[in-house]
Amino acid sequence: MSFPGYQEIEFWYPVFRARESGAAVHLVTPTPEGCESYLGYPVVPTASVEQLDGQTIDALIVPGAVDGVPVASDGQLSAIRGISVEHGYLVSSGTGTDLVRSLLGPGFTSPNWLTAPDADHLPTLYRDLFGRWSPS
């Protein structure tokens, strides 16, 4: 999932790695028109959040934004809530972690929530995710 002003590496690296692993990757933005990163890199959505089935999502990536907490649509917020109680991984990084905490509560924990609070923790986060996740 992507948001206006998203941080490029936090979004595109897991997209490319998941595709490389053979996963079906869906790009979801807050609007049908898509959005741009802080540096202007566009994301054109391939699906709306309403088209996704929470039972078949292996991982939901919630990247951070460069300027503050990402602005998510109601549908994106519902998807984050849903994946947090479903079977897949909820993966957040940077200020995307702040979004998840504000939505699910500061005490939220789950063995399926993988997070990197800052860029220094991204390599470990992605090694952990791709080390345990096999696309179906």
Side-chain angles (χ1 to χ4, degrees):
M1 124 173 354
S2 184
F3 315 99
Y6 71 89
Q7 204 292 332
E8 293 83 4
I9 195 75
E10 293 177 23
F11 177 77
W12 286 112
Y13 182 78
V15 166
F16 294 145
R17 285 287 291 123
R19 286 178 175 163
E20 183 180 84
S21 298
V25 176
H26 302 286
L27 307 179
V28 177
T29 62
T31 66
E33 296 78 32
C35 63
E36 290 185 353
S37 73
Y38 181 76
L39 297 176
Y41 291 93
V43 174
V44 177
T46 60
S48 72
V49 73
E50 294 79 20
Q51 293 172 309
L52 303 179
D53 176 5
Q55 294 293 325
T56 61
I57 295 174
D58 291 316
L60 180 64
I61 309 296
V62 182
V66 173
D67 286 331
V69 176
V71 178
S73 68
D74 289 342
Q76 287 177 310
L77 296 174
S78 292
I80 293 168
R81 278 189 208 97
I83 198 76
S84 70
V85 296
E86 301 284 343
H87 76 283
Y89 289 107
L90 177 59
V91 182
S92 64
S93 54
T95 60
T97 298
D98 298 332
L99 173 64
V100 170
R101 283 197 180 110
S102 70
L103 184 63
L104 302 176
F108 174 75
T109 66
S110 169
N112 289 349
W113 181 28
L114 309 176
T115 185
D118 56 46
D120 292 340
H121 293 91
L122 286 174
T124 301
L125 170 71
Y126 295 134
R127 271 194 297 276
D128 192 18
L129 173 63
F130 288 102
R132 62 165 110 175
W133 170 54
S134 294
S136 40

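The structure places OG1 of Thr46 at 8.5 Å from CD of Gln51, a figure rounded to the nearest 0.5 Å. The line from CD of Glu10 to OG of Ser37 is 11.5 Å long, rounded to the nearest 0.5 Å. Here the CD1-OG distance, from Ile80 to Ser102, works out to 8.5 Å after rounding to the nearest 0.5 Å. Between atom OG1 of residue Thr109 and atom CH2 of residue Trp113 there is a gap of 8.5 Å, rounded to the nearest 0.5 Å. We find the CD1-OG distance between Ile9 and Ser93 to be 10.0 Å, quoted to the nearest 0.5 Å. Put simply, CD on Glu36 and OG1 on Thr29 are 11.5 Å apart, with the number rounded to the nearest 0.5 Å.
Residue Phe3 comes nearest to Val71 through the heavy atom pair CD2-O, 3.5 Å, listed as atom of the first residue, atom of the second, then distance. Among all heavy-atom pairs drawn from Ala119 and Pro123, the shortest one is O-CD, 3.8 Å. Gln76 and Val49 get closest at one heavy-atom pair: N-CG1, 4.1 Å. Contact record, Pro45 with Gly34: CD-CA, 3.6 Å, taken as the closest heavy-atom pair.
When the side chains of ILVMFWY residues are joined at heavy-atom separations under 4.5 Å, either directly or via intervening members, Val15 and Leu39 end up in a single hydrophobic cluster. Both Val25 and Phe16 belong to a common hydrophobic cluster when Ile, Leu, Val, Met, Phe, Trp and Tyr are linked at side-chain heavy-atom distances under 4.5 angstrom. Hydrophobic clustering (ILVMFWY, side-chain heavy atoms < 4.5 Å, transitive): Tyr6 and Val100 are in distinct clusters. Both Tyr41 and Phe11 belong to a single network of hydrophobic side chains, linked directly or stepwise wherever heavy atoms of I, L, V, M, F, W or Y lie under 4.5 Å apart.
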Side chain to side chain contact (heavy atoms under 4.5 Å, CB included) between Met1 and Ile61, intermediate numbers included: CA-CA 6 Å; Met1 124 173 354; Ile61 309 296; over 6 Å; no

Tyr126 and Tyr13: ring pair (Phe, Tyr, Trp, His ring centres under 6.0 Å), yes or no, with the steps? CA-CA 9 Å; Tyr126 295 134; Tyr13 182 78; 5.3 Å; yes

Using the side chain to side chain contact (heavy atoms under 4.5 Å, CB included) rule, take Tyr89 and Asn112 through it: C-alpha gap first, then chi angles, then the decisive distance, then the call. CA-CA 5 Å; Tyr89 289 107; Asn112 289 349; 3.6 Å; yes

Using the side chain to side chain contact (heavy atoms under 4.5 Å, CB included) rule, take Leu77 and Leu99 through it: C-alpha gap first, then chi angles, then the decisive distance, then the call. CA-CA 9 Å; Leu77 296 174; Leu99 173 64; 4.0 Å; yes

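The one candidate from Pro70, Ser2, Pro4 that meets the side chain to side chain contact (heavy atoms under 4.5 Å, CB included) condition with Pro30 is Pro4. Each of Leu60, Leu129, Val62 was scored for a side chain to side chain contact (heavy atoms under 4.5 Å, CB included) with Val91, with one residue passing: Leu129.
The main-chain N or O of Gly68 is found under 3.5 Å from a side-chain atom of Thr95 such that the two form a donor-acceptor pair.
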